[in-house]
Participant: 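Let me give you the structure first, and then I'll get to my questions.
We use all heavy atoms of the structure for the numbers below, so side chains are in, but hydrogens, waters and symmetry mates are not. It should be emphasised that the depicted structure is a prediction, and the values quoted were computed from it without experimental measurement. So you know, we letter chains A, B, ... as the sequences are listed, proteins then strands, and number each from 1.
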Protein chains: 2
Amino acid sequence: MSNFGDLIRIAREEKGLFLRQVAAELDIDQAIISKFERNERKPTKEQVLKFAKFFKIDKETLLVEWLSDKVAYDLQDEKLANKVLKVAEEKLKYNRQSKNI
Amino acid sequence: MSNFGDLIRIAREEKGLFLRQVAAELDIDQAIISKFERNERKPTKEQVLKFAKFFKIDKETLLVEWLSDKVAYDLQDEKLANKVLKVAEEKLKYNRQSKNI
DNA sequence: ATTACATTTGACCAGTTTTGTCAAAACACA
DNA sequence: TGTGTTTTGACAAAACTGGTCAAATGTAAT
């Protein structure tokens, strides 16, 4: 199962770059990027977009990876996770409809 | 579409109680409860359980309502919400399997 | 209109969590 | 061992949460 960290680590290695170089390019401390790659820290949305641009990864792909990591993390200890996801989906559907009246 | 705030407001009104009274009973400031009822603030998990107990609402029902509000809120501006939910579900499934090896 | 009471709002504080910075430690390997 | 990379951990700054309180607003009866 993929995750945000894997995606950016693989992308970096495919380009043969060091953390230091990516750090300089994106203006993010290399220690933080190291932590991103090991899923020890979650990036901000802005940072996700920086990575997508730099590594030419599809923006949506990376955002979905990042957001789903977050949701899965929030629900990891919840026995009710599946119910929660289903209800959340309904709520989002409902909200979209309400908005478009 | 229901939400946490509606559930506890309806429960309170069915019992004919004032915010002040619920506040005293649960030891939560009435201003905060007012905000919960209008979904202006999210309660903590402990508070959710307090409400469930006091109003005799099924614990799971209320927790699902609360957690799904939170997930839906996090994803409300995301066009990718549905993809995210699907991927998050897979991740949770995967994590549970990995744990039980 | 005034009173009495309930609810809502907003400003403020405190505590927690998140994010960024840095240098030292650990690792890899010639 | 020496060189360069990555990881770790301590620390501070910034952002976010949660609680408290009083004033403002809303509501209904007199």
Participant: Can you measure A:Asp74 atom CG to C:dT17 atom C1' for me and round it to whole angstrom units?
Facilitator: 13 Å

Participant: Is B:Arg20 near enough to C:dT8 that one of its side-chain N or O atoms lies under 4.0 angstrom from OP1 or OP2?
Facilitator: no

Participant: So, is A:Ser34 near the phosphate of D:dT7, with a side-chain N or O under 4.0 Å from OP1 or OP2?
Facilitator: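 Indeed, a polar side-chain atom of A:Ser34 lies that close.
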
Participant: Measure the spacing between CD of A:Glu90 and CE of B:Met1 and express it to the nearest 0.5 Å.
Facilitator: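 Going from the CD atom of A:Glu90 to the CE atom of B:Met1 covers 5.5 Å.
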
Participant: Distance under 6.0 Å and angle within 45° of the ring axis: does B:Lys15 meet both against B:Phe54?
Facilitator: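 Because its charged atom sits under 6.0 Å from the ring centre and within 45° of the axis, B:Lys15 does stack over B:Phe54.
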
Participant: Between D:dC16 atom P and B:Lys70 atom NZ, what is the distance in whole Å?
Facilitator: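 In whole Å, D:dC16 P and B:Lys70 NZ are 16 Å from each other.
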
Participant: Can you measure A:Ile33 atom CD1 to D:dT8 atom P for me and round it to whole angstrom units?
Facilitator: 16 Å

Participant: Between D:dT7 atom P and A:Glu37 atom CD, what is the distance in whole Å?
Facilitator: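 Atom CD in A:Glu37 sits about 7 Å away from atom P in D:dT7.
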
Participant: Does the protein touch nucleotides 19-28 of chain D at the base, only the backbone, or not at all? Give it as B, S and - per nucleotide, heavy atoms under 4.0 Å.
Facilitator: BBB-------

Participant: Does the distance from a Lys or Arg side-chain N to an Asp or Glu carboxylate O, for B:Lys83 and A:Glu60, drop under 4.0 Å?
Facilitator: yes

Participant: Give the rounded distance in Å between these two atoms: CD of A:Gln21 and C1' of D:dT5.
Facilitator: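 In whole Å, D:dT5 C1' and A:Gln21 CD are 11 Å from each other.
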
Participant: Should B:Phe55 and B:Leu7 count as side-chain neighbours, where that means a heavy-atom distance under 4.5 Å?
Facilitator: no

Participant: Less than 4.0 angstrom between a side-chain N/O of B:Arg9 and OP1 or OP2 of C:dT8, yes or no?
Facilitator: yes

Participant: Is a donor on one side and an acceptor on the other found under 3.5 Å between the side chain of B:Arg41 and the backbone of B:Phe36?
Facilitator: no

Participant: Between C1' on C:dT19 and CD on A:Glu46, what's the gap in Å once rounded to a whole number?
Facilitator: 13 Å

Participant: Between A:Asp69 (side chain) and A:Phe4 (backbone), is there a donor-acceptor pair under 3.5 Å?
Facilitator: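 It does hold such a pair.
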
Participant: Hey, are A:Glu65 and B:Lys91 close enough for a salt bridge, meaning a charged N less than 4.0 Å from a carboxylate O?
Facilitator: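 Salt bridge present between A:Glu65 and B:Lys91.
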
Participant: Rounded to whole Å, how long is the line connecting atom CD of A:Gln30 with atom P of C:dA25?
Facilitator: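 Rounded to whole Å, this separation is 17 Å.
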
Participant: Let me confirm one number: the CG-NZ distance from B:Leu62 to B:Lys45, rounded to the nearest 0.5 Å.
Facilitator: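 B:Leu62 atom CG to B:Lys45 atom NZ measures 12.0 Å (nearest 0.5 Å).
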
Participant: Looking at every strand, decide which applies to A:Glu40 at a 4.0 Å heavy-atom threshold: base, sugar-phosphate, or nothing.
Facilitator: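 The answer is sugar-phosphate, as A:Glu40 gets under 4.0 Å only of primed atoms, P, OP1 or OP2.
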
Participant: According to a strict under-4.0 Å criterion, is A:Arg38 in side-chain N/O contact with OP1 or OP2 of D:dT6?
Facilitator: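 No, because none of the side-chain N or O atoms of A:Arg38 sits under 4.0 Å from OP1 or OP2 of D:dT6.
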
Participant: With each end axis built from five pairs of C1' atoms, what bend angle do you get for the helix from C:dA1-D:dT30 to C:dA30-D:dT1? Round to 10°.
Facilitator: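 The two end axes of the helix from C:dA1-D:dT30 to C:dA30-D:dT1 meet at 30°.
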
Participant: Identify the two heavy atoms, one from A:Val48 and one from A:Pro43, that lie closest to each other, and give their separation to 0.1 Å.
Facilitator: CG2-CG, 3.8 Å

Participant: Rounded to the nearest Å, what distance is computed from the CG atom of residue A:Leu26 to the C1' atom of nucleotide C:dG20?
Facilitator: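 Between C1' of C:dG20 and CG of A:Leu26: 15 Å.
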
